[in-house]
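Data block below; observations after.
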Amino acid sequence: MAPCPLQPTTLSALARPAGAALHRSFSTSAQNNAKVAVLGASGGIGQPLALLLKNSPLVSRLTLYDIAHTPGVAADLSHIETRATVKGYLGPEQLPDCLKGCDVVVIPAGVPRKPGMTRNDLFNTNASIVATLTAACAQHCPEAMICVISNPVNSTIPIATEVFKKHGAYDPNKIFGVTTLDIVRANTFIAELKGLDPARVNVPVIGGHAGKTIIPLISQCTPKVDLPQDQLTAVTGRIQEAGTEVVKAKAGAGSATLSMAYAGARFVFSLVDAMNGKEGVVECSFVKSQEADCAYFSTPLLLGKKGIEKNLGIGKISPSEEKMIAEAIPELKASIKKGEEFVKNMK
Ligand SMILES: NC(=O)c1ccc[n+]([C@@H]2O[C@H](COP(=O)([O-])OP(=O)(O)OC[C@H]3O[C@@H](n4cnc5c(N)ncnc54)[C@H](O)[C@@H]3O)[C@@H](O)[C@H]2O)c1
């Protein structure tokens, strides 16, 4: 497929895949008809994410669900002069209609962190929100790709999985924990350090999505970068704590929303491109995995028409990256177990 020139109005840069030998353009496929739902669409992430999706030629129908404000958000977005139709759905009784016929569901519903909180502190509130929403997905759009943004991702993906299993609709290739913001941050910070164009930098980030479980593979960065040990340690720590950097700067007004919306849109566009038949689309995501010593792990994934086509695995890494993986496993296992037990104990 010939790459088409980047159109400023299509936000094509958002479709940048994570892999090295990949094209950056949108698919020219005729099937640019993705039906996408955003659950939690009125929130800090949901609104700008819905805006980016509405602005994409890949999306033909955008359905927006929340427990508050969706009529207003939908009316506002629907005036934008792009093809996607927009409809708002408010409250649980309207959720089934929001989901019917969807190809992709993105879930940023739930409470964000305040200063001093870890992502795990959000578990009590967000676990039941994600369980309820994914149960509705399993019933009303069992074939859709499910992209969970709600934290703690290290637990919400096991929750989504167990809920889909309960409904007999589980497909491990279609449930994704959105960790793209970690990759976006790694690319930006490394580019800053080395004076590179961030759009040309690609750092895979593996593991999970919380503190030490976020493992940037700077040894695999393209272009190749050489950093002295002190800079390597500092930038790795900054990538791991970048979410907290934003939480602190927002001083009680929430966590990353705009950069998260960008990252969520990038992930959805990559997924839709791959569903449309574009080849070589790679993104990292926290998924069911056999690549490490725990049941879920983020690694680069080759995406295809039916979700994950191939897990590309961890690849060749440095001894310090190997150590980071070993140190992350106990925390990952505990978060995964917590998610699984939550669903087991649900009435
Ligand atoms: N994966 C990541 O990299 C990443 C990055 C940043 C934030 N997050 C997470 O994303 C989530 C949302 O963050 P935010 O800043 O948009 O929060 P927010 O409070 O601004 O928005 C959350 C929205 O969810 C809605 N909501 C709550 N309960 C719901 C339910 N049962 N059904 C549908 N909608 C419901 C709220 O009404 C609100 O509109 C948080 O859990 C946050 O930790 C994840």
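Order of listing sets the numbers, starting from 1, for every ligand and every atom in it. Computed over heavy atoms, backbone and side chain alike; hydrogens, waters and symmetry mates excluded.
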Side chains of [X] and [Y] only: does a donor on one sit below 3.5 Å from an acceptor on the other?
X	Y	result
S155	R119	no
N276	N32	yes
N154	T213	yes

Where at least one partner belongs to residues 122-143, residue pairs that pass ring-ring contact (aromatic ring centres under 6.0 Å, His included), sequence neighbours excluded: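 Passing the test, one end in residues 122-143: F123-F342.
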Any carboxylate oxygen within less than 4.0 angstrom of a Lys/Arg side-chain nitrogen, looking at K165 and E162? yes
Verify the neighbour count for atom CD of E143: are there more than 12 heavy atoms of other residues, nucleotides or ligands below 6.0 Å?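 Atom CD in E143 is not packed in, count stays at 12 or less.
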The protein residues that pass the under-4.0 Å heavy-atom test against ligand 1 are G40, S42, G43, G44, I45, Y65, D66, I67, P108, A109, G110, V111, P112, L122, N126, I129, L133, I149, S150, N151, V153, V178, H209, S255, A256, T257, M260
